[in-house]
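Structure first, commentary second.
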Amino acid sequence: MISALTERDDGQVLELIRKHGGKDFQARQISHWLYRHGAKSWEDCRNLPKPLLGSLAAEHSLRSCQLGTVDISRDGTRKMLVQLSDGEAVEAVLIPEGRRQTLCLSTQVGCPVGCVFCASGLDGLRRNLTRGEILEQVMLARELLPRGSKLTNLVVMGMGEPMLNLDELLPALARIHDPEGINLGARRITVSSSGYPKMIDRFAETEPAYNLAISLHAADEDLRRELVPHARCSVAELLASARRYFERKGREVTFEVVLLGGRNDRIEDARAMIAALDGFPCTVNLIPWNPVDRIAGLQRPSEASAENFAERLRAGGLNVTLRRQRGADRSAACGQLRLAMGTA
Ligand code: SAH
Ligand code: SF4
């Protein structure tokens, strides 16, 4: 049985408090301690009666994850290892930029999609994260923030394919968004997906409206299939789902393209992308590939050729951002963390 309170919605917390003889308003007090003030244990819930806390503590914990090692890079990026209660671990990355503090979080242990350039998919999927495990990455990151600064943006771009774990991700995002709790605006939350139009449609039905990023990588069908071998949909289907998202939510979609030298940054790749995205209000976020130790045969493009590719797309009428290169130190090992700031 999962016993952490972070796994429960408000109704379930209320039920639990009643079961342990508490009053209804005490359920709200506990949620405030947990999500607003970041309580780590029952003793932190200071204005609640000791017998009630004791009875709850005998059966449930507030949280289930622990902070493991934290790597701090020269540019201030903090890469956290988050230890899960069954011994697995995922990464979450906190990226400061000016007054912004962006957190990149994970949704799965591993990933089943197997994009050829990505470290997360190398060993397939181990398991989905639970809603509490997704949410607790935000709570742990908050505790690492420098005094006086707040989490300003969230990108779901860590390990895993978010659309394959929507049942857990959506309740976690609702908690993160909840003005009574962590209180992060939906406009500051971006979910990135490598495909899955049906799930994107479901995501589009969700309130509130979060931002959507689609990992496109190539507009040419064959090339995209090479880069995203387990993609279940065609480029056309993927673009159609992005359009539906835009029509339904009125939110501009971001397309991410991991640039691989000589592979998807050629003139014909730019042409195909311009043709595919013609007239669609969107931004293309180009991310020069971060090399991964266990992946051979791919190349990060030079800055000049990445800039060339960006210029070609711009000349074709597209709105383009190119990820600025940050210090090539320890943080560079995480394939995903760099693009985070371009899309949220
Ligand atoms: N599975 C989702 C979200 C997590 S990956 C997705 O694919 O969108 C988030 C982003 O990181 C994706 O755009 C992905 O293509 C990119 N990425 C993965 N590995 C990378 C690497 N080694 N270098 C640069 N970007 C990478
Ligand atoms: Fe999975 Fe995204 Fe990595 Fe592809 S890029 S393997 S979908 S995490």
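For the numbers below, each heavy atom of this structure counts, side chains included, while hydrogens, waters and symmetry mates do not. Numbering of ligands and ligand atoms starts at 1, following listing order. This one's a predicted model, so the numbers in the text were calculated from it and none came from an experiment.
Arg251 is not listed as a side-chain neighbour of Leu212, based on a closest heavy-atom distance of 4.5 Å or more.
At least one N or O atom of Gly160, backbone or side chain, sits closer than 3.5 Å to an N or O atom of ligand 1.
Note on Leu5: it does not cluster hydrophobically with Leu14, by side-chain heavy-atom contacts below 4.5 Å among ILVMFWY residues. Under the 4.5 Å side-chain heavy-atom criterion for grouping Ile, Leu, Val, Met, Phe, Trp and Tyr, Leu122 is connected to Val90 within one hydrophobic cluster.
The proximity of Ser194 to ligand 2, defined as any non-hydrogen pair under 4.0 Å, is limited to the side chain. At a 4.0 Å heavy-atom cut-off, ligand 1 touches Val258 through the side chain alone. By the criterion of a heavy-atom distance under 4.0 Å, neither the backbone nor the side chain of Ala213 is placed next to ligand 1. Residue contacts with ligand 1 for His217 involve side-chain atoms from C-beta outward but no N, CA, C or O (heavy atoms, distance under 4.0 Å). Contacts with ligand 1 closer than 4.0 Å are made by no heavy atom of Ile214, backbone or side chain. Only the side chain of Glu256 comes within 4.0 Å of ligand 1, judged by heavy-atom distances.
Taking the ring centroids of His217 and Phe255, they lie at or beyond the 6.0 Å cut-off.
When distances to atom 4 (Fe) of ligand 2 are checked against a cut-off of 2.8 Å, Cys115 contributes an N, O or S atom below that limit.
In summary, Arg18 and Asp24 engage in a salt bridge, as defined by a charged side-chain N under 4.0 Å from a carboxylate O. Between Asp86 and Arg126, no side-chain nitrogen of the basic residue sits less than 4.0 Å from a carboxylate oxygen of the acidic one, so the salt-bridge criterion is not met.
Every atom of ligand 2 is numbered from 1 in the order shown, and the set under 4.0 Å from a heavy atom of Gly114 is 6 (S). Close contacts between ligand 2 and Cys111 involve ligand atoms 1 (Fe), 6 (S), 7 (S), 8 (S) [criterion: under 4.0 Å to a heavy atom]. Heavy-atom proximity to Gly160, at under 4.0 Å, picks out these atoms of ligand 2: 8 (S).
For the residue pair Gln108 and Asn128, a side-chain donor N or O sits within less than 3.5 Å of a side-chain acceptor on the partner.
Residue Ser193 places a heavy atom under 4.0 Å from ligand 1. Ser215 does not count as a contact of ligand 2, since none of its heavy atoms falls under 4.0 Å from the ligand.
A distance of 6.0 Å separates CE of Met139 from OH of Tyr35, quoted to the nearest 0.5 Å.
Sparse packing is recorded around CZ of Arg28, with 12 or fewer heavy atoms of other residues, nucleotides or ligands lying under 6.0 Å away.
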